[in-house]
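Chain letters run A, B, ... following the sequence lines, proteins first and then strands; every chain starts at 1. Basis for what follows: all heavy atoms, side chains included, without hydrogens, waters or symmetry-related copies.
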There are 2 protein chains.
Amino acid sequence: MLYAEKLLDQVENYLAQIEMPAEPELLYTPIAYSLEGGGKRLRPVLLMLSYGLFSDDYQRALPAAAAIEVFHNFTLLHDDIMDNALIRRGKPSVYAKWGKNVAILSGDAMMIAAYQLLGRTQTDRLHPILSVFSETAIGVCEGQQYDMDFETKQKVSVVEYMRMIELKTSVLLAGAVVIGAMLGGASEEDCKALRRFAIELGLAFQLQDDLLDSYGDERLGKAIGGDILEGKKTYLMITAMSRADEEQREVLRTTHLDAKRSDAEKIARVKSLYDALDVPHLTEQQIAIRFERALAQLDSLQTDPARIEPLREYAKSLMGRNK
Amino acid sequence: MLYAEKLLDQVENYLAQIEMPAEPELLYTPIAYSLEGGGKRLRPVLLMLSYGLFSDDYQRALPAAAAIEVFHNFTLLHDDIMDNALIRRGKPSVYAKWGKNVAILSGDAMMIAAYQLLGRTQTDRLHPILSVFSETAIGVCEGQQYDMDFETKQKVSVVEYMRMIELKTSVLLAGAVVIGAMLGGASEEDCKALRRFAIELGLAFQLQDDLLDSYGDERLGKAIGGDILEGKKTYLMITAMSRADEEQREVLRTTHLDAKRSDAEKIARVKSLYDALDVPHLTEQQIAIRFERALAQLDSLQTDPARIEPLREYAKSLMGRNK
């Protein structure tokens, strides 16, 4: 993993040296606060790894990598207002710390900053790269809208759910690898393969996230069952609903609202139904299928196979399958 | 004015044929709603007029003109959330009609749509044009932040106020004319002159707006005194404060909060102070200075003087000085 870590370092350094005006303070301080929040920097690292499939001059990919990361953080900033989320990466969200108006406006400025960074890319392919970036960005907004739509929708199908997480999660990973590849000089065919790689990887990643929220991961030590307590329509819940009989469906639908039960009881009740309906196993299967499909795309790339290894390793480590 | 009207028609047609996906409905319907709202289309018309100073092939400037207009409408959409404004151009605002979350997200999508339109521009100068567009956009955000800062600030100086409206209003007009000129193939010197033209025009326009809000315009038939009733720090209020003695200052500061007076009494009380302090006259003077400075910039442009007339006429008509 040393290779991806080196790229991560470069991304962090680049992000840290982005200069921002001091004034107006309430516009720029939240941007800096939000960017220093850390996180895996998954998207810019993917962009760099994808660039590295075809080219060595890493410096050239850094502005675009930063653009993708800044855009991602902008979406988190605005999502937190819409979801009324007070905590982000263990710290108060911008929304919690500065309120709605500052979060809206500094988020807007952050999206513009993302385009500014993209515009710093030295390339003669700015037209298509800008187009991919904007299409990616609008896809993420569509995903967030579907996600909000689902909250009030009675029935969400597995197909609708997969489409939503493809937009909300996969599309940005796809934008990252495609822009990285375009900058590196990849063929259109390779860009398409990398796009499919990222779409499937994103789906696998999101389904795994859903599974871990209910079944946990000793490595994360994270509280378990948040989605169940919120009554969230995750892959697990939707799969369970599609397999449940009327009585079970009622339990799935209402348990999180039941004021007479403790949180632990609610979680246990829903999970015992998940288990009875074979949901964890089916989810694992779906994750494995998606992840395999992702990796298979890498075999077709027209580049030195040795260049592909770091990206493959990084994908595996993301899924906790590198050991 | 036939010439600018022809350009306005072209802008309207171009905006009307922008295709938007049908789904998710709550993301795209508010964008269409907001764009069909009309308005003067001041910014895209300025872009087209500026382009027309140097080139005839209007079609080529339309995507950028639309980008500027879509961006402007995005700012209104988000401003309405921040200002809790329920009415926009005589109709319910997106915020009033669909709520905060839809307004945030469809606004975000609208900003991305603006960049998408800009990206459709056929030009080999996309790098500098994208850079001007983003710098313009971030300036508008800065202006909005300063405007919000002023609400809670005890004392705002005339200089601070002018800086705020330069960012909030002039900078976008400047972005429009500079991008139009760049697309038309203008020299850097002409771009600079046009930028100064738009900055001064925007200031004159905003100060006139401030003046009309309190002193009205028989042509508009608009309700008078809204700014006074809100206790808004306009050019008139700030100028009055800077010239008032302690007693008068107290009246200016507190009249809008006085529950014992009717609206008409409050307006009359503040206006009689404005009059005593010579504020309308000073504002008129400032408007005239700014507008003259704007027009003077046009004389230096390196193009056929006949090409300049439509822009000059349009600027005059904006200020109601074309008769």
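The SG atom of A/C141 lies 10.0 Å from the CE atom of B/M111; values are rounded to the nearest 0.5 Å. How far CD of B/E23 is from CD of A/E142: 9.5 Å, rounded to the nearest 0.5 Å. Put simply, CD on B/Q144 and CG on A/D108 are 9.5 Å apart, with the number rounded to the nearest 0.5 Å. Taking CG from A/N101 and CG from B/D83, the interatomic distance works out to 7.5 Å, rounded to the nearest 0.5 Å.
B/M82 touches chain A through backbone and side chain together, each having a heavy atom under 4.5 Å away. If you measure heavy-atom distances from B/E25 to chain A, you find no contacts under 4.5 Å at all. Neither the backbone nor the side chain of B/T75 has a heavy atom closer than 4.5 Å to any heavy atom of chain A. Only the side chain of B/P21 comes within less than 4.5 Å of a heavy atom of chain A; its backbone N, CA, C and O stay farther away. Proximity to chain A (any heavy atom under 4.5 Å) is shown, for B/F133, by neither the backbone nor the side chain. Heavy atoms closer than 4.5 Å to chain A are found in the side chain of B/L130, but not in its backbone.
Between chain B and the residues A/G119, A/A113, A/A137, A/P24, the most heavy-atom pairs under 4.5 angstrom are made by A/P24. Contact count against chain A (heavy-atom pairs under 4.5 Å) is highest for B/T123 among B/T123, B/D79, B/D149.
The closest donor-acceptor contact from the side chain of B/H127 to the backbone of A/Q122 lies at 3.5 Å or more, if one exists at all.
Looking at every heavy atom in both residues, A/I112 comes nearest to B/S134 through CG2-O, 3.3 Å.
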Next item on the list: List the steps, then state whether side chain to side chain contact (heavy atoms under 4.5 Å, CB included) holds for B/V102 with A/M148.
Entry: CA-CA 9 Å; B/V102 164; A/M148 292 197 298; 5.6 Å; no
Margin query: Please evaluate residues A/L26 and B/Y146 with respect to the criterion side chain to side chain contact (heavy atoms under 4.5 Å, CB included), reporting the C-alpha separation (whole Å), side-chain torsions for both, the decisive distance (0.1 Å), and the verdict.
Written below: CA-CA 9 Å; A/L26 285 176; B/Y146 283 124; over 6 Å; no
Next item on the list: Show the numbers, then the answer: is there a side chain to side chain contact (heavy atoms under 4.5 Å, CB included) between A/K100 and B/K100?
Entry: CA-CA 10 Å; A/K100 180 193 67 181; B/K100 181 193 66 181; 3.7 Å; yes
Margin query: Between A/L105 and B/H78, does the side chain to side chain contact (heavy atoms under 4.5 Å, CB included) criterion hold? Intermediate values first, please.
Written below: CA-CA 8 Å; A/L105 195 63; B/H78 274 192; over 6 Å; no
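Side-chain atoms of A/Q145 and B/Y28 form no donor-acceptor pair, as typed in the model, at a separation below 3.5 Å.
At most 12 heavy atoms of other shown residues, nucleotides or ligands fall within 6.0 angstrom of atom CZ in A/R195. The number of heavy atoms from other shown groups lying within 6.0 Å of CD (A/E188) does not exceed 12.
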